[in-house]
Amino acid sequence: QVRLVESGGGLVQAGGSLRLSCTASGRTFSYYAVSWFRQAPGKEREFVAAISRGGGVTRYADSVKDRFTISRDSAKTTVYLQMNSLKPGDTAIYYCAARNTIETNWEGYDYWGQGTQVTVSS
């Protein structure tokens with residue numbers, strides 16, 4: 001079992017930055033690939049970014065490429081999502097999720113955090 005906790009959300013103006021953190025407890029986090037998903041009101045949950053177990057492979061949704069960066073610390077206990085040049089369209093609840101390999105479909109994940117709200121004002 002892995003317990004995931006997100007933090008770092010908040011309210012920011014368009015063009016600003018936030019860094020989200022996903023911290024794990026329980027089974028060794030380094031066993032898992034980790035992804036960020038987001039869900040805006042009335043919309044489906046969508047893939048944002050993913051990082052492999054070792055951190056050497058990353059994937060991004062086209063909508064966030066060149067603005068967001070996913071990384072994990074050397075101890076691999078925390079995964080970060082650095083979000084720059086934020087837009088009102090980035091407003092959503094952001095969730096981190098873990099599974100054994102990278103997968104962009106949210107239905108394939110075993111473990112989820114509770115989510116953190118990101119609101120970008122225009």
Q | Same cluster (ILVMFWY, side-chain, under 4.5 Å), Ile51 and Tyr111 | A | yes
Q | Cluster link Val34 to Trp106, ILVMFWY, side chain under 4.5 Å | A | no
Q | Heavy atoms from other residues, nucleotides or ligands near CG of Asn105 exceed 12 (cutoff 6.0 Å) | A | yes
Q.
Among residues at least two apart in sequence or on other chains, which ones pass side chain to side chain donor-acceptor pair (under 3.5 Å) with Thr58?
A. none
Q.
More than 12 heavy atoms of other residues, nucleotides or ligands under 6.0 Å from CZ of Arg59: yes or no?
A. no
Q: Answer whether the closest heavy-atom distance between the side chains of Tyr95 and Arg45 falls below 4.5 Å.
A: yes
Q.
Would you say that Val48 contacts Leu81 through its side chain, given a criterion of any heavy-atom pair below 4.5 Å between the two side chains?
A. yes
Q) Using a side-chain heavy atom cutoff under 4.5 Å and only I, L, V, M, F, W and Y, what cluster partners does Val57 have? A) Ile102
**Q.** CA sep, side-chain torsions, deciding dist, call: Val79, Ile70, side chain to side chain contact (heavy atoms under 4.5 Å, CB included)
**A.** CA-CA 7 Å; Val79 170; Ile70 190 170; 3.9 Å; yes
Q. Which residues pass the salt bridge (Lys or Arg N to Asp or Glu O under 4.0 Å) test with Asp62, sequence neighbours left out?
A. Lys65
Q: Might you point out which heavy atoms bring Ala40 and Ala92 nearest each other, and give the distance in Å?
A: N-CB, 3.8 Å
Q: Any chance you could lay out the side chain to side chain contact (heavy atoms under 4.5 Å, CB included) test for Val118 and Thr91, step after step, and finish with the verdict?
A: CA-CA 5 Å; Val118 171; Thr91 295; 5.9 Å; no
Q. Val12: what forms a side-chain contact (heavy atoms from CB on, under 4.5 Å) with it, not counting sequence neighbours?
A. Leu18, Leu86, Val120
Q | Closest approach of Thr78 to Ser21 (non-hydrogen atoms, all atoms of both residues) | A | CG2-CB, 4.1 Å
Q. Closest heavy-atom contact between Ala50 and Ser35?
A. CB-OG, 3.0 Å
Q | Residue pair Cys22 / Trp36: nearest heavy atoms and the distance that separates them | A | CB-CZ2, 3.6 Å
Q: Verify, without hydrogens or angle tests, whether Arg72 (side chain) and Ser52 (backbone) share a donor-acceptor contact under 3.5 angstrom.
A: yes
Q. What is the ring orientation for Tyr94 with Phe68, classed by angle as parallel under 30°, tilted 30 to 60°, or perpendicular over 60°?
A. tilted
Q: Only counting residues at least two apart or in another chain, list the ones meeting side chain to side chain donor-acceptor pair (under 3.5 Å) with Glu103.
A: none
**Q.** Those residues that, when tested against Ser71, pass side-chain contact (heavy atoms from CB on, under 4.5 Å) (two or more places apart)
**A.** Tyr80
(Q) I'd like to know if the side chain of Tyr32 and the backbone of Val2 have a donor-acceptor N/O pair within less than 3.5 Å. (A) no
Q) Can you list the residues that meet the ring-ring contact (aromatic ring centres under 6.0 Å, His included) rule with Phe37, with sequence neighbours excluded? A) Phe47, Tyr109, Trp112
Q: Any salt bridge (charged side-chain N to carboxylate O under 4.0 Å, His left out) involving residues 86-97? Give me the pairs, sequence neighbours left out, ordered by first then second residue.
A: Arg38-Asp90, Arg67-Asp90
(Q) Applying side chain to side chain donor-acceptor pair (under 3.5 Å), can you list everything that pairs with Asp110, at least two apart in sequence or on another chain? (A) none
Q: Determine whether Phe29 and Tyr31 fall in the same hydrophobic cluster, where Ile, Leu, Val, Met, Phe, Trp and Tyr are linked whenever their side-chain heavy atoms lie under 4.5 Å apart.
A: yes
Q) Judged by atom type as modelled, is there a donor-acceptor pair below 3.5 Å linking the side chain of Glu6 to the main-chain atoms of Cys96? A) yes
Q | Under the side-chain contact (heavy atoms from CB on, under 4.5 Å) test, residues paired with Ser17 that sit two or more places apart | A | Gln82, Asn84
**Q.** Thr119: side chain to side chain donor-acceptor pair (under 3.5 Å) partners, not counting sequence neighbours
**A.** Gln117
Q: With sequence neighbours excluded, give me every salt bridge (charged side-chain N to carboxylate O under 4.0 Å, His left out) pair touching residues 93-102.
A: none
**Q.** Nearest non-hydrogen partners of Leu20 and Gly9, listed with the distance
**A.** CD2-N, 3.5 Å
